[in-house]
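Here's the structure, in structure tokens; my notes come after.
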Amino acid sequence: TAPESGRPDPAVLVAFPAHRTLFTRTRKVRPMTAAPLESPSPTPLSRPLDELEAMSAEELLAWASNEFGDGLCLTCSWQKQSSVLVHMIAGLERVPAVVELDTHLFFRESYDTRDRLVERYGLELLRPHIPSIAEQHRHEGPNLWERDPDRCCHVRKVEPLVEALEPYDAWISGIRRDQSPSRAGIAKVQWSERYQLWKIHPLADWDEKRVWAYIVANDIPYNPLHDV
């Protein structure tokens, strides 16, 4: 958080325990003044949004890698979209950071899928801090997921995601328009007021059949829970 003096907060390091090593990134500095600031305007892009909308998933990822460089990340929770996007970014000249969003409540199959993808593609995972179940019990009381599912989701998903995205300028997400009515109108590239960065949706116009066809054609490891 910014100091109460109102002076710009100096850059600090955000450390994530990685799959094999410790990664540090410089947090974006958002200066504070005595008066509340308006939300920052979106950073300008090199290409018009309608041109980006017409790109294929692979083309969009290549553009995003060149556009944002080290300011680009992919978040994964090891669903089938994660498998597709990990395969795609592995072929980029500049591979984005891969952030694992692990609630510590995944099924064993999800962790096995993660390990297979890490081994095949040589991933180095970044992990935001998520409280252990024991820590959550001490601070929130027992069985929070039963008493207050929304609060549990906030503690184990929303807060870690905010922390994970803080150093970045753009975020690759695997959401698709066909997943729900609320996602039917998402653009392939759009500004997120909530997280103050660009969201990249390479698979926005894919359907379930196309996702599975891509996984099969490229022999990509995927979560076997999808077969149940």
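In this text, all values refer to a predicted model and were calculated from it rather than measured experimentally.
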Cluster partners of Val216, using ILVMFWY side-chain heavy atoms under 4.5 angstrom, listed by chain and number?
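None; Val216 is a cluster of one.
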Could you check [options] and say which one makes a side chain to side chain contact (heavy atoms under 4.5 Å, CB included) with [X]?
X	options	answer
Pro96	Leu92, Val99, Val98	Leu92
Ile172	Leu60, Leu74, Leu203	Leu74
Ile215	Asn218, Asp219, Val211	Val211

Using a 4.5 Å cut-off on heavy atoms from C-beta on, say whether the side chain of [Y] contacts that of [X].
X	Y	value
Leu101	Cys76	no
Leu225	Thr113	no
Ile200	Leu52	no
Val86	Ile220	no
His201	Val189	no

N-O pairing of [X] and [Y] below 4.0 Å:
X	Y	result
Glu208	Arg177	no
Arg176	Asp207	no
Arg108	Asp112	yes

Summary of salt bridge (charged side-chain N to carboxylate O under 4.0 Å, His left out) pairs that have at least one residue in residues 85-94, sequence neighbours excluded
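Non-adjacent pairs meeting salt bridge (charged side-chain N to carboxylate O under 4.0 Å, His left out): Asp70-Arg94.
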Hydrogens and angles aside, do Thr75 and Trp171 bring a side-chain donor and acceptor to less than 3.5 Å of each other?
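Yes, a side-chain donor-acceptor pair sits under 3.5 Å.
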Give a yes-or-no answer on whether the side chains of Glu100 and Trp78 include a donor-acceptor pair shorter than 3.5 Å.
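A donor-acceptor contact under 3.5 Å links the two side chains.
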Please round to the nearest 0.5 Å and tell me the distance separating atom NZ of Lys80 and atom OG of Ser83.
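The OG atom of Ser83 is 10.0 Å from NZ of Lys80, to the nearest 0.5 Å.
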Specify whether Phe106 and Tyr111 have parallel, tilted or perpendicular ring planes, treating 30° as the upper limit for parallel and 60° as the lower limit for perpendicular.
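Rings of Phe106 and Tyr111: tilted, 30 to 60°.
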Taking it one step at a time, do Ser46 and Trp63 satisfy side-chain hydrogen bond (donor to acceptor under 3.5 Å, both in side chains)?
CA-CA 9 Å; Ser46 63; Trp63 168 84; 3.3 Å; yes
Tell me whether the centres of the aromatic rings in Trp212 and Tyr222 are closer together than 6.0 Å.
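Trp212 vs Tyr222: aromatic centres under 6.0 Å.
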Can you confirm whether or not the ring centre of Tyr168 sits under 6.0 Å from the ring centre of Trp198?
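No, ring centres 6.0 Å or more apart.
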Show the nearest heavy-atom pair for residues Ala164 and Pro167, with the distance to one decimal.
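That would be O-CD, 3.3 Å.
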